[in-house]
2 protein chains.
Amino acid sequence: MRSDARRNRERLLDSAARLFAARGRDVQMEEIAADANVGLGTLYRNFASKQDLFVEIVRRRYLGLIDLAERAESIDDPAAAFRAVFVGYLEQAECDSAFQLALLGGSDLRWEGVEEQKALFAERVRRIIERGVRAGVLRGDLTFGDFPALVCGVMSTMYFKPSPTSDWRRHLDLVLTALETAVPQGAER
Amino acid sequence: MRSDARRNRERLLDSAARLFAARGRDVQMEEIAADANVGLGTLYRNFASKQDLFVEIVRRRYLGLIDLAERAESIDDPAAAFRAVFVGYLEQAECDSAFQLALLGGSDLRWEGVEEQKALFAERVRRIIERGVRAGVLRGDLTFGDFPALVCGVMSTMYFKPSPTSDWRRHLDLVLTALETAVPQGAER
DNA sequence: GCAGAAGCGGAACTACGCTTCCGCTCAGTT
DNA sequence: AACTGAGCGGAAGCGTAGTTCCGCTTCTGC
């Protein structure tokens with residue numbers, strides 16, 4: 001691969017990541033190319049479509065989540081480990097509205113190409129949650145299946161009600177209360 | 001107003017409501033007109049733009065929420081009253097993805113034209129929440145300001161993870177736990 | 001330094017969906 | 001029954017944004 005071609009590819013990934021993060025999925029291809037000081041032809045030689053580019057950006061961001069889960073899993077205190085993934089997940093999505101949308105499930109993103117990363121992350125989270133439940137620091141009926149909905153819930157505040165004051169952290173606190181409250185069998189509802 | 005014109009307007013509102021509900025904000029104007037057995041010209045004579053039509057549909061749906069809040073407020077038990085608005089809000093949005101999106105805050109919906117309805121609803125909810133807090137059935141630090149984020153959170157599950165099994169109700173249960181748990185001053189975090 | 005292939009730029013093409021426009025029709029009136 | 005303008009249909013216009021294409025440029029190996 002020619003050196004200038006490699007440099008251009010880097011630049012494109014860079015610009016795309018920054019622009020998607022700042023303004024969401026609907027920045028224009030032309031704008032990304034311009035930001036990278038590159039022609040549209042070059043952009044399309046590297047990524048067959050906007051969708052492909054977007055998936056690649058999301059895949060790279062996902063690597064950060066895997067890393068996060070890994071670090072969280074190595075925390076001894078089960079309650080702290082859970083908080084670490086839960087809060088860390090949201091913090092990594094903060095300041096990146098395209099990633100938020102992808103994680104929420106909108107954007108028609110087909111996850112092929114990110115499946116592998118997703119599974120790796122999920123497995124670690126599952127273990128962290130199960131450990132928390134066994135240790136009695138998370139409500140007894142909590143399962144891994146609840147995780148997507150819960151983070152998605154808090155993230156929706158981040159996505160739909162963006163505010164300089166991090167309103168989502170208040171929402172997060174409320175939700176964490178629910179998860180860290182032991183609920184005796186059949187007490188609720 | 002000519003009788004056929006009135007009938008056409010009814011038909012249009014009908015078709016638009018149904019199609020938006022089923023497939024979200026991006027059904028085409030042409031399709032709405034066709035569904036109502038009416039030409040595009042007629043559609044545009046009644047609603048100056050797609051946005052206008054959408055706002056009108058949302059406004060009508062909002063009337064149902066006001067009604068809901070009114071009924072909830074007349075419930076004696078403060079806990080039951082709160083559950084009624086909270087759950088009712090979500091149930092009214094179920095099966096209507098356009099309304100969900102509007103309530104979430106996406107869809108670039110400008111709320112002018114619905115402001116009035118919105119304020120009416122908000123006022124009632126505020127009273128219900130304050131009553132619940134005073135009665136000690138809702139956590140002490142809960143305020144009306146938390147409401148939008150909380151319902152938005154559960155609704156995001158409804159919107160982004162549609163499933164025939166109402167997964168959002170599980171999410172709802174978890175969140176309600178948090179709200180109905182009295183949190184002593186400074187106990188959390 | 002040169003050949004030529006790999007890479008580049010960006011004008012043009014295309015698809016899609018909202019909106020406009022205008023000649024015709026028909027409900028309501030006399 | 002005749003009249004007439006409010007109302008109608010849907011073809012055409014327009015803007016936007018993704019994608020293609022091809023003549024030109026530039027890097028690299030000899």
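Only heavy atoms go into these numbers, but all of them, side chains included; no hydrogens, no water, no symmetry mates. Below, read A as the first sequence line, B as the second, and so on, with proteins coming before strands; counting in each chain starts at 1. Remember, predicted model here, so these are calculated numbers, not experimental data.
Checking side-chain atoms of Asp96(A) against main-chain N and O of Ala93(A) turns up no donor-acceptor pair under 3.5 Å. Within the 3.5 Å criterion, the main-chain N or O of Ala178(A) finds no donor-acceptor partner in the side chain of Thr177(B). A distance-only check finds a donor-acceptor pair linking the side chain of Arg61(A) to the backbone of Gln92(A) [under 3.5 Å]. Distance alone, capped at 3.5 Å, is enough to place a donor-acceptor pair between the Asn46(B) side chain and the Thr42(B) backbone. For the pair Arg124(B) (side chain) and Ala72(B) (backbone), a donor-acceptor distance under 3.5 Å is absent.
Phosphate proximity of dG7(C) to Asn8(A): absent, as no side-chain N or O sits under 4.0 Å from OP1 or OP2.
Looking at residues two or more places apart in sequence or on another chain, you find no salt bridge (charged side-chain N to carboxylate O under 4.0 Å, His left out) involving Arg45(B). The salt bridge (charged side-chain N to carboxylate O under 4.0 Å, His left out) search around Glu31(A) returns Arg23(A), not counting sequence neighbours.
Between the P atom of dC8(D) and the CZ atom of Arg6(B) lies a distance of 12 Å, rounded to the nearest Å. Between Met29(A) atom CE and dT16(D) atom C1' the separation is 15 Å, expressed in whole Å. A straight line from CD of Glu30(A) to P of dC8(C) spans 18 Å, rounded to a whole angstrom.
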| message | Counting Watson-Crick and G-U wobble pairs with both distances under 3.5 Å, what is the dot-bracket string for DNA chain C, 5' to 3', using [ ] for crossing pairs and | for pairs to another strand? | response | ||||||||||||||||||||||||||||||
| query | Which letter, B, S or -, goes with each nucleotide of nucleotides 25-30 of chain D from 5' to 3', with contact meaning a protein heavy atom under 4.0 Å? | reply | -BSS--
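Residues of residues 32-57 of chain B that place a heavy atom closer than 4.0 Å to DNA chain D, in numerical order, are Asn37(B), Val38(B), Gly39(B), Leu40(B), Gly41(B), Thr42(B), Arg45(B).
Sorted by first then second residue, the salt bridge (Lys or Arg N to Asp or Glu O under 4.0 Å) pairs that include residues 158-168 of chain B, not counting sequence neighbours, number zero.
Ring geometry, Phe86(B) versus Phe147(B): the interplanar angle exceeds 60°, so the pair is classed perpendicular (tilted spans 30 to 60°).
Just one of Tyr89(A), Trp111(A), Phe144(A) meets the ring-ring contact (aromatic ring centres under 6.0 Å, His included) condition when paired with Phe121(A); it is Tyr89(A).
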